[in-house]
Structure formats: C-alpha cells, structure tokens
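Report on the structure given below.
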Amino acid sequence: MSQYDFDLFVIGAGSGGVRASRMAAGFGARVAVAEDRYLGGTCVNVGCVPKKLFSYAAHFSEDIADAAGYGWDVAAPGFDWPRLVANKNAEISRLNGIYRNLLLSAGVQLIEGRARFIDSHHVEVDGRRYSAERVLIATGGWPHVPDFPGNEHVISSNEVFFLDKLPKRVLVVGGGYIAIEFAGIFHGLGCETTQLYRGELFLRGFDCSVREHMASVLAEKGVRLRFNGDVARIERNADQSLSVTLASGEQMETDLVLYATGRRAHTDDLGLENTAVELDDNGNIRVDEHYQTTDPAVLAIGDVTGTVQLTPVALAEGMALARRLYRPEEYVPVDYNDIPTAVFCIPNIATLGLSEEQARADGHRLRIYESRFRAMRNTLAGRSEQSLMKLVVDKDTDRVLGVHMVGPEAGEIVQGLAVAIKAGATKAVFDATLGIHPTAAEEFVTMRTPSRED
C-alpha cells in the first residue's frame, strides 16, 4: 500500500483541475480535488459561460430593432435584469451539478474547502490533513484592481454577474477582452456606457486591423471610448452615484465602475511558503514544459502558471499532465501554436495564428488579404455596421499564418478554419475551396487580390 492517502491531490476544481482529476482517476490513480468556491472555476461561474449568456441578452436589443426591416412589428416594452440574473444562476447551478457528478462518477473524492500546504506532500482542508504523492495546483486567476483612493467603490468581473439592478450609467475601465465584452453588454442592455483605457488603443496584442475596426464599430454604436486616460480617485455621492476623477483632472459621473484591468494568479493562502514552489516576477507559479514546479512533489497548470489564459488550454494541459503521470505511452505535449480564440463583444472577434505585426516581427515577408463589407442581414435592417475579415499569408511559402475576423458568429467561423490552419493550409488551398453562398464565411475563400504585400 502507498504511504500516501492519494496519488494525486488537486487544488482547484476549475476547467484544468477537473480534467486532470477525471483523467488521472480514469487511469487508475487515487485522486482527490479540493475546491473552496464553486465547481467549474472561473469559466463556468464568473467567466466564459455567464458572460456569453449576458452577451446573448445584449444582442437582442439589436435583433429587435432589426426585425422592423424584415416586416415585423415588434415592440420592446422593457428589459428585466433580475430575470436574466436568476435564469443565469439557475443554468450555472445546473452546470455545477454536472461537474460534481463528473468528478464523483470518475471516482474522484471531492473535498469542499480551501486547501493549504503543510509541506510538499501534505495539505490541510478545514482542519483535516491529507497526504499525497503529488499535489497539483489549478487555482486559476483572480481579478486585479489597482490601489488608488476609492477603489473600494468599484466591482470586478466576479461581482458583475450578481448585480441587484442594472445601472443607468456604467464606466468600464480596461482595454482587454473582458473590458470590451462588458462595454458591449452594458451598452446592448441600454446603459449609458463609457470605456476608459490608459493606452492609445485597446486590445493590445490583437491584430491592428481588428483593434482599429472594433474601435470604429463601437464608437458608431454609441459606446463612449476614452483612450489615454486613467482613474485617479473615486468618491461615493450622497445619492449613491460615483464621482470619478481622472489623472488629467477631468471628472465623470457614473452609477457603476467595472474594473477589468487584468487577472493575477490566485495563490493567496495556499501555504506555498511551506514548499519549494517558486513564483516568477509576475506572481505566477514557475513551471517547466511538463508543468513541474520547482518543488519535485508539486505541479501546476492553467492560469495560475501565466500561460495562455483560455479554458481549452487549461483542459489540454490537464489532459496532458494526467497522461504524462499515469499513461506515459499516450503522452503528447500541448501545442501552443495556432490557438484560436474569440472575444464575445458585439460584434464578435475571432482570431487565429499570427497578427500582421507579429508575423513581420518574426521576419516573414507577407501578403495581406483584407475585406470590409456589410453583412447581408444588415441591408434590410438598415444597419451600416461592417464586418472585417483578414488573412495574413507568408509570401514565400503561401502558408496562411493568421486569420482574423470581426463580425457576427466570428467564433463559429474561425473555429472551422482553425482545423485548416493546424493542417498547414496555404492560400492556394483557400482559393481552391468553394464557398457556401450566400454567407459571410465565404469571404475567406473568395479574397483574391492582396490589400498589400512586401
């Protein structure tokens, strides 16, 4: 018999932790997982899933308005925020139950509470100690709000899903995908929305065409975009509204301030000081290519390591780790190249592979194919909004290095193209592929003339 209670003790039942637990148990390991908050982690509870549900809700304001152009007399008497929140809560509760059943049916022991290291092989949860040959940290990330006078008056993406009422005026601070998604959600639900970002243009790291196009579309919709600005302090007024003073001295009045300025590794109160685990300069757990920390008995996967912060990446890492430990003959390292991702703003963004800027920095000579057009649905609706589609092609090899889109169902479209890009598709393959007419997606296989080339 093993000297330990478990072969693998997992801290955190988010996407990566659940996948690693289930896979390891399926391979015959004795596994426990400890979770102190909610099963499914950020994605299920305060991330991808509720965010997309809210995004659907926000889309309906445009759908209702567009219906008139198609002959429908549709009235929009009002929007019931509490009903949306209640229905969302019911769906998340259902998913929590599914995660619980998945773990238990796989033979994983579920322990509810915050696990803390006593030493490298021992953890404590609510006063009870457990021993394990290996401990896996999969605690994910946590929203970060900078320190400034009045920061106690703001909320993060954790709290935004549980607001009692919908505010009339909202200030969203940040320039990443969470900020741009919630700016679109609040605007679509009828809030007077301002997005404030300290840089010159939001969505840093995305293709520049996407960034510029999205800024134009949001401004046209009526979202107030404020770049090169930052909050200096916030004060609560007698009527419970907020006075926001910017670094420039300008003042703004609003009812809610949502801070979406980044996430940090959730390592608080884990007892890492009782192990040999090291953190990098950004507070992420330092791991090698096999998710091994600097402590031989401790591993880490997912957002807590500072790698690509996406649910499918955490899932892939959990699967790869379980195979490496308990089914090494099946182990295949995670390939971090050409990872598709979507931003569920309004309209959606989807991106895959290299941006034009990244490709040039890597030394590629390029041909750029770029198309902006009004989707067919927008014609009778009388909506001027345009979609963007872009291909970044290596001029010497003809290989498609990047695919970028802003428009309805962008994520659904680019997911399909991800298979082709992973297989090494060239522009000639795109050209030889017949389009489905009439669709927006066919634009990706009908762009023939480069917008520019080296």
Side-chain angles (χ1 to χ4, degrees), residues 55 58-59 61-63 65-66 69 170-230 252 258 260 341-352 354-360 366 368-392 402-414 440-441 443-444 447 449-452:
S55 180
H59 267 286
S61 62
E62 291 187 352
D63 293 342
D66 291 349
V170 178
L171 172 63
V172 179
V173 182
Y177 69 93
I178 296 175
I180 198 171
E181 286 170 336
F182 276 104
I185 288 169
F186 280 121
H187 175 75
L189 296 179
C191 304
E192 182 182 298
T193 305
T194 301
Q195 183 175 357
L196 177 71
Y197 179 52
R198 64 183 181 181
E200 294 185 359
L201 187 62
F202 52 30
L203 294 173
R204 182 167 55 90
F206 283 74
D207 188 276
C208 194
S209 296
V210 169
R211 300 170 70 191
E212 293 172 348
H213 185 83
M214 198 66 212
S216 175
V217 170
L218 286 182
E220 185 177 346
K221 285 179 178 293
V223 177
R224 300 175 180 178
L225 301 177
R226 299 290 303 274
F227 298 127
N228 297 308
D230 205 355
M252 301 174 59
L258 168 63
T341 187
V343 183
F344 294 105
C345 45
I346 303 174
N348 293 175
I349 297 171
T351 187
L352 163 66
L354 299 180
S355 67
E356 180 177 350
E357 296 73 34
Q358 290 169 325
R360 292 192 191 283
L366 302 178
I368 303 298
Y369 296 83
E370 190 169 307
S371 177
R372 288 177 170 82
F373 58 94
R374 187 166 67 153
M376 177 181 286
R377 170 176 167 155
N378 289 341
T379 55
L380 294 190
R383 192 176 296 278
S384 62
E385 178 180 302
Q386 291 194 325
S387 296
L388 165 71
M389 294 185 178
K390 180 175 182 177
L391 295 176
V392 179
V403 178
H404 308 280
M405 178 178 174
V406 178
E409 306 300 337
E412 305 290 346
I413 293 170
V414 172
E443 192 75 12
F444 274 120
M447 291 188 284
T449 305
S451 303
R452 54 190 173 277

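Using a 4.5 Å cut-off on side-chain heavy atoms (C-beta onward), S209 and H404 make no contact.
Atom CZ of R224 has 12 or fewer heavy atoms from other residues, nucleotides or ligands within 6.0 Å. Residue-environment remark: CZ (R204) stays at or below the threshold of 12 foreign heavy atoms within 6.0 Å.
In terms of heavy-atom proximity, S387 sits nearest to A375 at OG-CB, 4.4 Å. Between M389 and M447, the closest heavy-atom pair is O-SD, 4.0 Å. Heavy-atom minimum distance, E370 versus L388: CG-CD1, 3.7 Å. Residue F186 comes nearest to V170 through the heavy atom pair CD1-CG1, 3.7 Å, listed as atom of the first residue, atom of the second, then distance.
Formation of a donor-acceptor pair under 3.5 Å by the D230 side chain with backbone atoms of R198 is not found in this model. In terms of modelled atom types and a separation under 3.5 Å, the side chain of Q195 and the main chain of V172 share no donor-acceptor contact. At distances below 3.5 Å, not a single donor-acceptor pair connects side-chain atoms of E200 with backbone N or O atoms of F227. Using modelled atom types, one side-chain atom of H213 and one backbone atom of Q386 make a donor-acceptor pair closer than 3.5 Å.
Between atom CZ of residue F206 and atom OG of residue S355 there is a gap of 10.5 Å, rounded to the nearest 0.5 Å. To the nearest 0.5 angstrom, K221 atom NZ is 12.0 Å from T193 atom OG1. To the nearest 0.5 angstrom, L189 atom CG is 11.0 Å from H59 atom NE2.
R452 and E356 are joined by a salt bridge, as a carboxylate oxygen and a charged side-chain nitrogen come within less than 4.0 angstrom of each other.
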